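The block underneath contains the structure these notes are about, expressed in structure tokens.
Note that the structure is predicted; figures quoted are calculated from it, not measured.
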Amino acid sequence: MSNAFVAVLLIHLHFPEAESLKAKRSELAPVRAHLDKLGGAVAEVDHQDLWQRSTLAAAFVAGSARRLDDHLDAVEGWLDARFEQGVWIKRVLTSWDDLGGIA
């Protein structure tokens, strides 16, 4: 059994004050940078052409499910604090074995 765990967050963001794609990008850039700093691989996966919405996918890995779950709690807490107007997050956490990996 392998001690490899992966989690994917689907992060739905709303930027009510953004009046252009440039304004949205300026608000989105520090979010992407911070998620990257926290060890995530981040991509905007939906709403690229909308001014006030964005959906990011962020993937994180760790050697234990507990450590990864705790890390995700911290990431979600940071997002909740940054986006008081609301952020909606979906989380999936699985193991290498559950993904059909060979040890």
Side-chain angles (χ1 to χ4, degrees):
M1 185 176 211
S2 176
N3 288 332
F5 296 86
V6 63
V8 178
L9 299 178
L10 203 57
I11 306 163
H12 301 274
L13 301 171
H14 182 233
F15 305 100
E17 303 299 320
E19 296 181 2
S20 67
L21 286 174
K22 185 176 181 179
K24 175 182 123 173
R25 298 277 179 253
S26 71
E27 290 190 48
L28 197 54
V31 174
R32 292 178 61 135
H34 189 72
L35 293 173
D36 184 56
K37 180 181 170 184
L38 294 175
V42 184
E44 187 174 15
V45 296
D46 202 3
H47 309 301
Q48 293 92 333
D49 56 342
L50 298 179
W51 298 358
Q52 296 182 329
R53 294 179 64 194
S54 180
T55 300
L56 299 176
F60 296 88
V61 296
S64 82
R66 173 67 181 209
R67 189 172 344 138
L68 187 53
D69 207 37
D70 290 346
H71 186 66
L72 296 178
D73 288 343
V75 169
E76 288 185 23
W78 181 83
L79 287 165
D80 285 335
R82 182 168 177 95
F83 293 95
E84 295 176 4
Q85 72 274 14
V87 58
W88 183 57
I89 304 166
K90 293 169 96 175
R91 177 194 295 197
V92 175
L93 189 151
T94 192
S95 71
W96 172 258
D97 294 332
D98 288 343
L99 290 170
I102 300 171

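- Residue His14 comes nearest to Pro16 through the heavy atom pair O-CD, 3.3 Å, listed as atom of the first residue, atom of the second, then distance.
- Put simply, the side chain of Leu56 does not reach to within 4.5 Å of the side chain of Leu9, judged on heavy atoms.
- Counting only N and O atoms by type, the side chains of Ser54 and His47 include no donor and acceptor under 3.5 Å apart.
- Ser26 and Pro30 make their closest contact through O-CD, 3.2 Å (heavy atoms, listed as atom of the first residue, atom of the second, distance).
- Side-chain contact between Val31 and Trp78 is present, with at least one heavy-atom pair separated by less than 4.5 Å.
- The side-chain hydrogen bond (donor to acceptor under 3.5 Å, both in side chains) test with Lys24 singles out one residue from Glu44, Glu19, Gln52, and that residue is Glu44.
- Cluster membership check: Leu68 does not share its hydrophobic cluster with Val8, using side-chain heavy-atom separations under 4.5 Å among Ile, Leu, Val, Met, Phe, Trp and Tyr.
- Using a cutoff of 4.0 Å between basic side-chain nitrogens and carboxylate oxygens, Asp70 and Arg66 are scored as salt-bridged.
- Annotation: side chain of Arg82 is not in contact with side chain of Val87 (no heavy-atom distance under 4.5 Å).
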* Asked: Which is it for Phe5 and Phe60 under the ring pair (Phe, Tyr, Trp, His ring centres under 6.0 Å) test, yes or no, and what are the steps along the way?
  -> CA-CA 8 Å; Phe5 296 86; Phe60 296 88; over 10 Å; no
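- Other members of the cluster containing Val45 are Leu10, with ILVMFWY side chains joined at under 4.5 Å, either directly or via other members.
- Arg53 CZ: 12 or fewer foreign heavy atoms inside a 6.0 Å radius.
- Put simply, CD on Glu76 and CD1 on Ile11 are 8.0 Å apart, with the number rounded to the nearest 0.5 Å.
- The hydrophobic cluster containing Leu38 also contains Leu28, counting ILVMFWY residues as joined when their side-chain heavy atoms lie under 4.5 angstrom apart, directly or transitively.
- Contact check for Val42 versus His34: no side-chain heavy atoms found under the 4.5 Å cut-off.
- The distance from atom CG of Asp36 to atom CZ of Arg32, rounded to the nearest 0.5 Å, is 9.0 Å.
- Under the 4.5 Å side-chain heavy-atom criterion for grouping Ile, Leu, Val, Met, Phe, Trp and Tyr, Leu13 is not connected to Trp51 through any hydrophobic cluster.
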